[in-house]
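Have a look at the structure below before the remarks.
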Amino acid sequence: MTTTDSDYADDDPIVACTIRRDPDGFELLIEDMESVLGDKWGDLGFAEALMFFNQPDAQHLEFVAMAIDDQDEDNIAMLGEVISQARHHAIKVILIAEEVSPSALHQLLRKGADEFVPYPLPEGELAAAIERIQTPAPEAVATAPARKSAAGTKEGAVIVCHGLAGGTGSSTFAVNFAWELANSALTKKGETEPKVCLIDLDLQFGAIGTYLDLPRREAIYELLSDTESMDDDAFKQALLDFEGKLQVLTSPAEMLPLDIITSDDVQRLIAMARSHFDFVVIDMPSTLVAWSESILNTAHVYFALMELDMRSAQNTQRLKRALQAEDLPVEKLRYVLNRAPKSLDLNGKSRVKRLAESLDIRIEVLLPDGGRQVLHSCDHGQPLAMTAGKNPLRKEIAKLARSIFELGEQNVDEEAA
């Protein structure tokens, strides 16, 4: 239905509106609105919506369903303003999108849209979205004291390790970096040991469990397949303890498709981990997936590991282009060169400089080649610090972990002041 002056004058006020560019578009949405709300809704254009929000009749609105397609991306600023004004008037926003680019969706969701539903609408999805936004948030007083003590109260830093080519050492780096972080406070008297969680999100070929000689448990698949019902107990039961200092979420026992989890699943998992740990270290698959954007946006530090070869150079260039095309924060990437030339290798250092200049990047960390000790470390089930403490790679990773820990301590001190 469409709104008219007589509609606004009815004693039975409208509680929702659709907002769309073309009054004849998104027919399935109109059918679903009529099925769910009957006559208690209206239909507006984008400019009309901005004016209507300021009218007295708008005070009865509970939500709007804003329907957009690829043609609306030219007016992204107006769409964002519609969402902002709706939020200003305490009106929920359901975003209905058809063939809209991820970058445009990202901008609109950041403006404050409460729900996103793809078009054509899956059966019953609009009704489910309406139910979700109408469900009141649980009151804080309803939380039982015992449950409150078990819930996480931290806001841990998220550190991501992503290999830009096969064999660049992402898993080796992630394991040893997480272990060094867990032990980074032991060199100063009076410091408390940070709580560190290591998560393997390479659902097909994850090697974290192998590196640390940890079993792959069925509880991990159960956790990932139903993150909506995940609570503190379920999360803790899926973790494995390593030497009393590191908590590990390995990859599942079976090889799973990377799209078995969604961006929402990943966000819930990371939020849960952050609430219980000071640092959350994530080992990523080398493949870009639908939820890679969520990881990149959430990460405080995103290490991109590469080597001094053509594979890494080409993949780095392709990754940069992909992120820039979607308007994603490519500046978050911190490039790490593994198996870097030795300090006396002047020719090698010149190659590193040319590589960085040709890719227009800054290589911030140079990791030395640890030799055979590193190649065999995954068979020992222990980090390098426990099997080869004097290895040059281990020393460099320990130095990097210590600097990250000290930076975190400095930020905490500044916030406290």
Any chance you could lay out the side-chain contact (heavy atoms from CB on, under 4.5 Å) test for Lys92 and Glu62, step after step, and finish with the verdict?
-> CA-CA 6 Å; Lys92 301 285 187 179; Glu62 297 177 5; over 6 Å; no
Going by atom types alone, do [X] and [Y] pair a side-chain donor with an acceptor below 3.5 Å?
| X | Y | answer |
| --- | --- | --- |
| Gln267 | Ser294 | yes |
| Asp32 | Ser35 | no |
| Ser171 | Asp283 | yes |

Salt bridge or not for [X] and [Y], using N-O below 4.0 Å?
| X | Y | value |
| --- | --- | --- |
| Arg268 | Asp265 | yes |
| Lys342 | Asp369 | no |
| Glu125 | Arg132 | yes |

Name the atoms and distances for all side-chain donor-acceptor pairs under 3.5 Å in residues 93-101, with sequence neighbours left out.
residue : atom : partner : partner atom : Å
Ser101  : OG   : Glu73   : OE1          : 2.9
Ser101  : OG   : Ser103  : OG           : 3.2
Ser101  : OG   : Ala104  : N            : 3.3

Taking every heavy atom of Tyr302 against every heavy atom of His162, the minimum-distance pair comes out as OH-ND1, 2.7 Å
List the atom pairs, with distances to 0.1 Å, where a side-chain N or O of residues 199-212 and a protein N or O form a donor-acceptor pair under 3.5 Å, not counting sequence neighbours.
residue : atom : partner : partner atom : Å
Asp200  : OD1  : Asp202  : N            : 3.0
Asp200  : OD2  : Ala207  : N            : 3.2
Asp200  : OD2  : Ile208  : N            : 3.2
Asp202  : OD1  : Gln204  : N            : 3.4
Asp202  : OD1  : Phe205  : N            : 3.2
Gln204  : NE2  : Leu256  : O            : 3.2
Thr210  : OG1  : Arg216  : NH2          : 3.3
Tyr211  : OH   : Thr172  : OG1          : 2.6

Side-chain contact, heavy-atom cut-off 4.5 Å: Trp179 with Lys245?
-> yes
Side chains of Phe46 and Ile19: does their closest heavy-atom pair fall under 4.5 Å?
-> yes
Looking at residues at least two apart in the chain, or sitting in another chain, which of them share a ring pair (Phe, Tyr, Trp, His ring centres under 6.0 Å) with Tyr119?
-> Phe26
When the ring planes of Phe405 and Phe279 are compared, do they come out parallel, tilted or perpendicular, using 30° and 60° as the limits?
-> tilted
Would the number of heavy atoms belonging to other residues, nucleotides or ligands and lying under 6.0 Å from NZ of Lys332 be above 12?
-> yes
